[in-house]
Visitor: 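Shown below is the structure under consideration.
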Protein chains: 2
Amino acid sequence: MPAMSEAPESKPLGAGRQLLFLREEELRLAQDLLFFGYRDFTAGPDAILAELGMGRAHHRVLHFVGRRPGITVGDLLSILGITKQSLGRVLTPLVEDGYVTQAPGRNDRRQRLLSLTEKGEAMERRLFERQREWVMRAYREAGPVAVEGFRRVMLGLMGPEARAQLDRAQPAAAPGAPKPRSAA
Amino acid sequence: MPAMSEAPESKPLGAGRQLLFLREEELRLAQDLLFFGYRDFTAGPDAILAELGMGRAHHRVLHFVGRRPGITVGDLLSILGITKQSLGRVLTPLVEDGYVTQAPGRNDRRQRLLSLTEKGEAMERRLFERQREWVMRAYREAGPVAVEGFRRVMLGLMGPEARAQLDRAQPAAAPGAPKPRSAA
DNA sequence: CCTTTTGGGTCAGCGTCATTGACGTTTCTT
DNA sequence: AAGAAACGTCAATGACGCTGACCCAAAAGG
C-alpha cells in the first residue's frame, strides 16, 4: 500500500505526511530505541548494585521510597505493580541491612511507613548520580526541545494508572517548566 | 535552590538556564518516565507471549531476526548482549517450534544463518501490531516534533556499541525523514 | 463486643531470564 | 597438522517475578 518507489508522485503530501510518519519502519525504530536505550540507561546502576549483591528491584524501592518518604507498603506495591511477596523478598533485606526504616502510621498503626535511612539515602544518591551523568549527557546532546519531546512521548507510553501515579508524585510542575502535559 | 518566587531577581538567566534544566528533579522525572514507560510499552507483547508460553526474550529474537534475515548467531548475540547459553535456551525452542530457520552460511558453513519462517513472521507481526498501536497513540498525542526529540534522547541514552549496531541496521535514513542523527 | 475487613508479613513452589565454567563438534585458516 | 572460530550443550546459580495459602494485628462496623 505505501508507495515503495522512490518518487511518491501520485499521493499528495501534506496532511498525509502527518499520518505517514507512523510508518512501520519508524515504529520498528522506536522498538529498537527503547530496547537499547532502556538497557543502557539501567546498566550503570546495575553494575553498582551487583557489587553489593543487589539488583534492579532494590534500586526501584530505594528510588520510590526516596521520592515519597513515609510511603505505605501498599502504595509502594501499587506503584511498582508487583506482588507483596516479590516486594518482600527485596524490602525485608533492605530493612535488615539498614537502608530502609519502618515506622507505624500515626492514624493507622497497621501501616509501616517506609523511609530511607541515611545509609539508604547515600546509596540511592550514589545510584542516582551514576544515572544522572548518563541521562545528562543524552539530554545535553539532544537539547531542551528534544527533551521536552522525549517527556511527552514517554508519558504517552505510560498507561493511565502509571500516569495518575506520576501526577500524584509530581504535585506541581517545576517552576521553570510550566508546560501542561495535556496541551496538544 | 531554584528561585521559587515569581520573579527570578538575583540569579542571571540565559546560559544558566541551559544548565539548570538538568536539575535533579528533572532527572528523577526521567527515571520515572523510563521505568513506567518501558514497562507499559512491553506490557502488550508480554501478555500475548505469556499465552504461548514465551517471554520477552523470545520477542527480542523474533524482532531482531525479522529485521535482519540471515543474521548469524554471533551477531545476534552481540546485539542482544547476552551469552550463548541464554540465547540458546530461547532460540532452540523457537527453531524446534518452527518460528525460526537455520541455514548454513554459503561462505562459512560453520555459521547458522537465522531467518523467520512464515509462522515466525506471523508471530512477530502480531506482537508488532500490538506494540504499534501503543506507540502510535503516544506518538500521535505527542506530535511529530516531540517524536523527533524522543528519538534524539533515546539515541543519546544508548551506549556507543548499541548506537553502532543500530546504524548498521538502518542502512539509510527513511526517504521521508532524512535527518542525520549526529547533527547536534 | 464480636465479626469482618484491611494492611502487612511469610512459607512453599514455580517459571523466565540471565549468569559462569567446561566441554564438544564442525569448519575455516594458517 | 595445528589452532582458532562459530556454534551447541551440560550443570549449577541467582535475580525477579508469579500463585496459593496462611498468619497476625489493628481498624471498622454491625
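Just so it is clear: chains get the letters A, B, ... in the order the sequence lines come, proteins before strands, and each one is counted from 1.
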Visitor: Would you find a donor on one side and an acceptor on the other, under 3.5 Å apart, between the side chain of B:Thr42 and the backbone of B:Arg39?
Guide: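 Such a contact is found between B:Thr42 side chain and B:Arg39 backbone.
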Visitor: Hey, does the side chain of B:Arg163 reach the backbone of B:Met158 with a donor-acceptor pair shorter than 3.5 angstrom?
Guide: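 Such a contact is found between B:Arg163 side chain and B:Met158 backbone.
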Visitor: So does B:Arg67 pair up with A:Glu25, basic N to acidic O under 4.0 Å?
Guide: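 Result for this pair is yes, salt bridge flagged.
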Visitor: In whole angstrom, what separates B:Leu77's CG from C:dC17's C1'?
Guide: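 In whole Å, C:dC17 C1' lies 14 Å from B:Leu77 CG.
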Visitor: Rounded to the nearest angstrom, tell me the gap between atom CZ in A:Arg89 and atom P in C:dC11.
Guide: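 Atom-to-atom, A:Arg89 to C:dC11, this comes out as 13 Å.
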Visitor: Under 4.0 Å: is that the gap between some side-chain N or O of A:Thr92 and OP1 or OP2 of C:dG9?
Guide: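 Negative; the distance criterion is not met.
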Visitor: Rounded to whole Å, how long is the line connecting atom CD1 of A:Ile71 with atom P of C:dG8?
Guide: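 In whole Å, C:dG8 P and A:Ile71 CD1 are 10 Å from each other.
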Visitor: Have a look at A:Asn107 and say if it touches a base, only the backbone sugar-phosphate, or nothing, with a 4.0 Å heavy-atom cut-off.
Guide: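 Answer is sugar-phosphate: A:Asn107 comes under 4.0 Å of backbone atoms only.
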Visitor: Closest approach to the side chain of A:Asp108, judged atom by atom: which nucleotide of C:dT10, D:dC16, D:dA27 is it?
Guide: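 Between C:dT10, D:dC16, D:dA27, the one nearest the side chain of A:Asp108 would be D:dA27.
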Visitor: Describe the nucleic acid contact of B:Arg56 in one word from base, sugar-phosphate, nothing, applying a heavy-atom distance below 4.0 Å.
Guide: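 If one applies the 4.0 Å heavy-atom cut-off, B:Arg56 turns out to touch the sugar-phosphate alone, with no base involved.
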Visitor: Please confirm whether the shortest side-chain N or O distance from A:Arg60 to OP1 or OP2 of D:dG17 is below 4.0 Å.
Guide: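 Result: yes.
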Visitor: Check this for me: does the side-chain of A:Arg109 come within 3.5 Å of the base of D:dA26 through a donor and an acceptor?
Guide: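 No, no donor-acceptor pair under 3.5 Å.
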Visitor: Report the nucleotide, chosen from D:dC16, D:dC18, C:dG8, that has the shortest atom-to-atom distance to any side-chain atom of A:Ile82.
Guide: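 From the listed options, D:dC18 comes nearest.
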Visitor: Just the rounded figure in Å: distance from P of C:dG8 to CG of A:Leu76.
Guide: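 Distance check: A:Leu76 CG to C:dG8 P gives 10 Å.
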Visitor: From C:dT20, C:dC17, C:dT10, pick the nucleotide closest to the side chain of B:Thr83?
Guide: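 My answer, after comparing the listed nucleotides, is C:dT20.
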Visitor: Look at all strands and tell whether A:Gly88 reaches a base, only sugar-phosphate, or nothing, counting heavy atoms closer than 4.0 Å.
Guide: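 Answer is nothing: A:Gly88 stays at 4.0 Å or more from every strand.
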Visitor: Got a salt bridge between B:Glu133 and B:Arg137, using NZ or NE/NH1/NH2 to carboxylate O under 4.0 Å?
Guide: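 No salt bridge links B:Glu133 with B:Arg137.
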Visitor: Using the salt bridge (Lys or Arg N to Asp or Glu O under 4.0 Å) rule, take B:Arg130 and B:Glu51 through it: C-alpha gap first, then chi angles, then the decisive distance, then the call.
Guide: CA-CA 14 Å; B:Arg130 170 70 67 98; B:Glu51 292 174 6; over 6 Å; no
Visitor: Verify, without hydrogens or angle tests, whether A:Thr117 (side chain) and A:Gly98 (backbone) share a donor-acceptor contact under 3.5 angstrom.
Guide: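 Yes; judged by distance alone, with no hydrogens or angles, the pair exists.
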Visitor: To the nearest Å, how far apart are A:Glu51 CD and D:dG14 P?
Guide: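 In whole Å, D:dG14 P lies 18 Å from A:Glu51 CD.
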Visitor: How do B:Met54 and A:Lys84 order along DNA chain C: which one's closest nucleotide is nearer the 5' end?
Guide: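 Looking at DNA chain C, the more 5' nearest nucleotide goes with A:Lys84.
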Visitor: Quiz question: going by heavy-atom distance under 3.5 Å, is there a donor-acceptor pair between the base of C:dG21 and the side chain of B:Gln85?
Guide: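 Side chain to base: pair present.
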Visitor: Measure CG/A:Leu87 against P/C:dG8 and give the value in whole Å, please.
Guide: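 Rounded to whole Å, this separation is 10 Å.
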Visitor: Please tell me which of A:Arg106 and A:Ser86 maps to the more 5' nucleotide of DNA chain D, matching each residue to the nucleotide holding its nearest heavy atom.
Guide: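 Of the two residues, A:Ser86 wins.
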Visitor: CZ of B:Arg39 versus P of D:dG17: gap in Å, rounded?
Guide: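 Taking CZ of B:Arg39 and P of D:dG17, I get 10 Å after rounding.
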Visitor: Side chain of A:Arg112 only, heavy atoms from C-beta on: which candidate in D:dG17, C:dG8, D:dC7 is closest?
Guide: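 Nearest nucleotide to the side chain: C:dG8.
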Visitor: Round to the nearest Å and state the distance from A:Leu91 atom CG to C:dG8 atom P.
Guide: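 Between P of C:dG8 and CG of A:Leu91: 11 Å.
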Visitor: So, is A:His58 close to the D:dA15 phosphate, meaning a side-chain N or O under 4.0 Å from OP1 or OP2?
Guide: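 No, because none of the side-chain N or O atoms of A:His58 sits under 4.0 Å from OP1 or OP2 of D:dA15.
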Visitor: Of the nucleotides D:dA5, D:dC16, C:dT6, which has the atom closest to the B:Arg110 side chain?
Guide: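 Selected nucleotide: D:dA5.
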